[in-house]
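Presented below is the structure to which this report refers.
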There are 2 protein chains.
Amino acid sequence: MKFKCPKGTRDFYPEEMAIRNWIVDRWVRVSRRNGFAEYDGPIFESLDLYRVKSGDGIVSELFHFEDRGGRAFAIRPEMTPTLARMVAARANALPRPIKWFSKPRLCRAERPQRGRLREFFQWNIDILGDDSPVSDAECIFALYDFLCEVGLTGEHFVIRINSRELVACILENAEIPLERFDAIYAVLDKRDKIGPDAFAQVVADLELTDPQKATLLELGKAKGESGLATVKAMLADHEKGRAELDRLERLLLHLSSMGVAHCCGFDMGVVRGLAYYTGIVFEAFGKGGLQRAICGGGRYDRLIRDVGGPQMSAVGFATSDVVVQDLLDEFDLLPELQTSVDVFVVDAEEKFFDEALALTARLRREGFSAEFSYKRRNMGKQFAQAAAKGSRVAVIVDENTRTDGTIEVKDMSTGQQRRVDVEVFLNDPFPTTDR
Amino acid sequence: MKFKCPKGTRDFYPEEMAIRNWIVDRWVRVSRRNGFAEYDGPIFESLDLYRVKSGDGIVSELFHFEDRGGRAFAIRPEMTPTLARMVAARANALPRPIKWFSKPRLCRAERPQRGRLREFFQWNIDILGDDSPVSDAECIFALYDFLCEVGLTGEHFVIRINSRELVACILENAEIPLERFDAIYAVLDKRDKIGPDAFAQVVADLELTDPQKATLLELGKAKGESGLATVKAMLADHEKGRAELDRLERLLLHLSSMGVAHCCGFDMGVVRGLAYYTGIVFEAFGKGGLQRAICGGGRYDRLIRDVGGPQMSAVGFATSDVVVQDLLDEFDLLPELQTSVDVFVVDAEEKFFDEALALTARLRREGFSAEFSYKRRNMGKQFAQAAAKGSRVAVIVDENTRTDGTIEVKDMSTGQQRRVDVEVFLNDPFPTTDR
């Protein structure tokens with residue numbers, strides 16, 4: 001009986017695992033230096049937790065099951081509900097701002113397609129308990145820091161920033177009824193996928209007055225500094241709008257201070273798909289052939305309360321290993337990852353094998369990676385193995401090792417050899433004076 | 001609506017996450033220096049994969065579900081079936097020995113109790129494609145290396161080694177029928193849980209001849225060098241038994257060469273619970289109050305073929321974060337993990353905040369962890385925050401930073417302050433000449 005991994009999931013043989021680890025290690029490194037602490041929760045949660053955030057429609061997109069007690073669970077499709085539940089449970093005890101990150105494995109019961117698998121890994125960055133633009137800026141900077149860390153630059157991506165609150169103020173100003181906002185967000189969200197002409201047509205077909213349609217077309221075009229000026233003019237008499245504009249401008253100032261301005265831009269068309277965003281929204285958009293969001297995020301000030309916690313403001317974003325890898329692949333930025341070994345231990349003859357094992361064991365206990373040949377073979381073949389493994393040095397255990405306790409050490413990059421006492425070698429296998 | 005994590009699972013707030021990471025990091029470090037490459041598979045697999053290894057009885061112990069296409073899956077309860085599937089699929093292409101490790105999250109639908117949760121993390125070490133005692137020795141050494149790495153010594157644990165093949169030879173010699181072997185393994189496996197008197201009673205109650213019972217009692221007592229001598233005498237005329245004894249002695253010689261002998265011992269009573277072991281079996285046993293196996297493993301030479309691959313010998317072991325943490329906790333060896341920050345950036349006055357943000361951002365881009373106060377407060381309070389975060393240095397951005405580009409740098413351990421150019425500081429924030 002032959003078995004395969006389930007459709008839409010991946011096997012990570014060591015080569016694929018190395019790439020995944022390379023990406024995830026950079027998530028971790030960037031999170032930590034930006035002051036985020038790691039958390040995690042279970043791989044499955046109460047099914048109701050996802051219903052609360054996303055409605056009953058979410059159930060068909062989940063892998064769900066019951067335990068023997070008849071309780072309904074689902075494998076987590078996203079991390080935010082878990083985060084909200086954990087923060088809500090200790091809302092009063094956790095020092096603020098709560099700056100947390102996670103790198104969960106997630107599963108979604110959707111049809112697998114490019115960039116969307118049934119199982120993937122996600123990087124989540126969130127700041128809770130601070131409602132100032134500083135937390136928005138820190139999230140966006142962490143995103144920028146990661147994209148730079150994997151070798152991407154402003155040539156490869158742009159971070160688009162908007163505020164859903166601002167869009168709401170403009171729609172309100174144009175006397176569009178509140179119950180139509182979600183449908184209009186969906187239209188705006190489509191702008192980049194369908195292009196400007198189709199966008200204009202979709203707007204023309206909406207049941208709105210001509211001035212309302214003109215407003216939407218302006219929203220779709222409002223970008224950068226001129227776009228911001230347009231929006232300012234539209235909201236000159238709107239108190240809430242002016243306050244949110246002020247907040248947006250403070251965010252842009254912080255981002256400028258942080259050296260990110262050249263990769264960021266105001267874009268009134270960015271509203272992000274998820275219903276739960278309440279204010280600032282942003283996305284990193286890949287400039288290459290993929291032409292799609294690499295990462296999305298924003299402010300969600302109501303979720304903690306929705307899962308039983310207090311009112312608490314929150315901002316965060318997520319991206320996945322799949323889109324990061326696709327993007328790096330597109331720009332040929334995936335690294336060639338080589339295996340490496342500190343010391344390869346060679347036996348001069350089969351009778352020295354247990355001495356070779358002994359030296360291998362001592363090296364490992366000292367913290368060095370050490371390997372040897374499983375097959376007993378001549379020294380030339382053992383050296384070839386050492387080279388194939390990417391060994392830094394090869395050491396030979398021979399007759400002299402027994403008599404005077406010395407080994408032959410060969411630098412695998414220069415080919416230079418030296419004879420050295422085993423204890424001296426163990427104490428300092430890679431003396432800098434050697435170089 | 002308040003939500004909790006499902007019964008038998010854990011939330012990892014940053015403090016618990018730090019402990020989990022501390023353990024898992026040591027699994028990874030020890031694996032790599034022992035020459036094991038990391039692999040992973042999906043969190044759920046075809047339900048049939050688990051049936052093949054463990055029979056239909058396993059299903060009730062799994063969290064299982066169907067996708068929309070009616071395919072049956074289960075969240076993985078162990079890693080070995082995935083490993084066997086992956087190796088079987090590329091059996092001819094993978095260079096041997098295949099030395100792999102993984103650190104999977106696993107779930108079991110069992111009743112939660114001490115040391116057994118419904119979700120946990122496991123360390124798996126396996127060597128496939130080599131049938132010599134060298135691969136047994138490498139697995140046992142890796143286990144020893146990890147236990148030492150977390151601060152345990154021979155005072156805290158012993159590694160007990162046996163061969164199921166040897167036990168089978170002795171049962172065969174005593175003319176006990178093959179179909180009763182599994183029941184007798186189960187009796188031997190209970191020895192340590194029930195104590196010598198109860199063990200003797202259980203043996204006395206078995207439907208066996210008196211010489212057969214005497215043989216079992218001897219098996220239960222055969223330990224160490226004298227035990228090995230007893231077994232040798234019992235198998236003096238048994239060809240397969242002598243071959244397996246020779247193999248066991250070569251393993252013990254390798255372990256002695258590797259410096260592990262003082263923590264290892266032959267113990268004829270160790271057979272391990274799982275049905276699929278075929279030869280050498282071993283366990284690390286906690287000597288403290290827990291009195292239980294921390295880790296178990298052995299040789300399983302039939303599994304790869306059972307999942308559709310070729311005949312391939314294999315040996316491996318697994319341990320979990322839960323038992324490791326319990327053991328370290330018992331011996332008070334869990335580390336106190338402190339947060340730390342390289343640089344805490346202080347603003348002398350609120351008006352310098354964006355300059356403080358700018359410096360924070362540049363430090364992070366240079367790879368240093370850097371933080372600041374979200375609230376604008378006086379310098380004394382900012383220094384207190386820096387200290388609470390475990391900062392190495394605090395730097396002050398003030399009027400001079402604007403005029404001459406210098407900052408005040410305070411070493412948080414010595415309290416010493418120095419004035420330095422921002423660019424000089426960024427180039428080398430922690431000069432060794434300072435110490």
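Fair warning: this is a prediction, and the values are worked out from it, not measured in the lab. Chain identifiers are assigned alphabetically (A, B, ...) following the order of the sequence lines, protein sequences preceding nucleic acid strands; residue numbering begins at 1 within each chain.
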(message) Heavy-atom cut-off 4.5 Å, strictly under: side chain, backbone, both or neither for A:Thr339 against chain B?
(response) neither

(message) Among B:Cys107, B:Ala18, B:Ser135, B:Ala88, which residue has the highest count of heavy-atom pairs closer than 4.5 Å to chain A?
(response) B:Ser135

(request) Identify which part of A:Arg96 has an atom lying under 4.5 Å from any heavy atom of chain B, answering side chain, backbone, both or neither. (result) neither

(request) Pick one of side chain, backbone, both or neither for B:Pro14, based on which atoms fall under 4.5 Å of a heavy atom in chain A. (result) both

(message) Heavy-atom cut-off 4.5 Å, strictly under: side chain, backbone, both or neither for B:Val134 against chain A?
(response) both

(message) For A:Arg20, which atoms come within 4.5 Å of any heavy atom of chain B: side chain, backbone, both, or neither?
(response) side chain

(message) Under 4.5 Å from any heavy atom of chain A, what part of B:Lys389 do you find: side chain, backbone, both or neither?
(response) neither

(request) Against chain B, label A:Glu149 side chain, backbone, both or neither, depending on which of its atoms sit under 4.5 Å from a heavy atom there. (result) both

(request) Report the option among B:His64, B:Met86, B:His254 that has the most heavy-atom pairs separated by less than 4.5 Å from atoms of chain A. (result) B:Met86

(request) For residues A:Arg85 and B:Cys5, determine if any side-chain heavy atom of one lies less than 4.5 Å from a side-chain heavy atom of the other. (result) yes

(message) Under 4.5 Å from any heavy atom of chain A, what part of B:Phe44 do you find: side chain, backbone, both or neither?
(response) both

(message) Shorter than 4.5 Å, heavy atoms on both sides: which option in A:Lys375, A:Glu138, A:Arg362 has the most such pairs with chain B?
(response) A:Glu138

(request) Check whether B:Thr360 gets within reach of chain A through its side chain, its backbone, both or neither, counting any heavy atom under 4.5 Å. (result) neither

(request) Could you go through the side chain to side chain contact (heavy atoms under 4.5 Å, CB included) check for B:Asp11 and A:Arg90 one step at a time? (result) CA-CA 12 Å; B:Asp11 283 333; A:Arg90 297 198 186 168; over 6 Å; no

(message) One thing to verify: whether B:Lys7 and A:Asp67 come together as a salt bridge, which I'm taking to mean a side-chain N less than 4.0 angstrom from a carboxylate O.
(response) no

(message) Can you tell me which portion of B:Ile127 sits under 4.5 Å from chain A's heavy atoms? Options are side chain, backbone, both or neither.
(response) side chain

(message) What part of A:Glu66 gets within 4.5 angstrom of chain B, counting heavy atoms only: side chain, backbone, both, or neither?
(response) neither

(message) I need the residue from A:Gly41, A:Gly35, A:Pro6 with the largest number of non-hydrogen atom pairs under 4.5 Å to chain B.
(response) A:Pro6

(request) Select, from B:Asp354, B:Thr9, B:Leu357, the one with the greatest count of heavy-atom pairs under 4.5 Å involving chain A. (result) B:Asp354

(request) Give a yes or no on whether A:Arg68 atom CZ has more than 12 heavy-atom contacts from other residues, nucleotides or ligands under 6.0 Å away. (result) yes

(request) Look at A:Asp342, A:Ile75, A:Asn34 and state which one has the largest set of heavy-atom pairs under 4.5 Å with chain B. (result) A:Asn34

(request) Decide side chain to side chain contact (heavy atoms under 4.5 Å, CB included) for A:Phe12 and B:Ser102; before the verdict, give the C-alpha distance in whole Å, the side-chain angles of both, and the deciding distance to 0.1 Å. (result) CA-CA 10 Å; A:Phe12 293 89; B:Ser102 62; over 6 Å; no

(request) Side chain from CB out, backbone as N, CA, C, O: work out which of these in B:Arg105 comes under 4.5 Å of a heavy atom of chain A, or both, or neither. (result) side chain

(message) Between A:Ala37, A:Pro97, A:Ala109, A:Ala370, who has the most heavy-atom pairs with chain B when the cutoff is under 4.5 Å?
(response) A:Pro97

(request) Would you mind checking which part of B:Lys99 comes under 4.5 Å of any heavy atom in chain A, side chain (CB onward), backbone (N, CA, C, O), both or neither? (result) side chain

(request) Against chain A, label B:Glu38 side chain, backbone, both or neither, depending on which of its atoms sit under 4.5 Å from a heavy atom there. (result) both

(message) Please classify the contact of B:Asp130 with chain A as side chain, backbone, both or neither, using a heavy-atom distance under 4.5 Å.
(response) side chain

(message) Heavy-atom cut-off 4.5 Å, strictly under: side chain, backbone, both or neither for B:Leu363 against chain A?
(response) neither

(message) Counting C-beta onward and ignoring hydrogens, is there a side-chain heavy-atom pair between B:Tyr144 and A:Arg364 closer than 4.5 Å?
(response) no

(request) Could you check A:Arg33 against B:Arg365 for side chain to side chain contact (heavy atoms under 4.5 Å, CB included), going step by step and ending with a plain yes or no? (result) CA-CA 9 Å; A:Arg33 75 183 177 215; B:Arg365 285 296 310 124; 3.4 Å; yes

(request) Report yes if some heavy atom in the side chain of B:Glu45 is under 4.5 Å from a heavy atom in the side chain of A:Phe3; otherwise report no. (result) no

(message) Between B:Gly367, B:Ser46, B:Ala89, B:Gly69, who has the most heavy-atom pairs with chain A when the cutoff is under 4.5 Å?
(response) B:Gly367

(message) If you count every heavy atom of other residues, nucleotides or ligands that lies below 6.0 Å from A:Lys351 atom NZ, does the total exceed 12?
(response) yes

(request) With a 4.5 angstrom heavy-atom cut-off, could you sort out which part of B:Asn21 is near chain A: side chain, backbone, both or neither? (result) side chain

(message) Just so I understand: if I count every heavy-atom pair under 4.5 Å between each of A:Met258, A:Arg32, A:Met17 and chain B, which residue has the most?
(response) A:Met17

(request) Pick one of side chain, backbone, both or neither for B:Arg29, based on which atoms fall under 4.5 Å of a heavy atom in chain A. (result) neither

(request) For chain B, find which of A:Glu15, A:Arg71, A:Arg118, A:Glu16 contributes the most heavy-atom pairs closer than 4.5 angstrom. (result) A:Arg118

(message) Which atoms of A:Glu119 are under 4.5 Å from chain B, going by heavy atoms: the side chain, the backbone, both sets, or neither?
(response) side chain

(request) Please state whether the side chain, the backbone, both or neither of B:Tyr13 comes within less than 4.5 Å of a heavy atom of chain A. (result) both

(message) So B:Phe353 and A:Ser257, do their side chains get closer than 4.5 Å, heavy atoms only?
(response) no

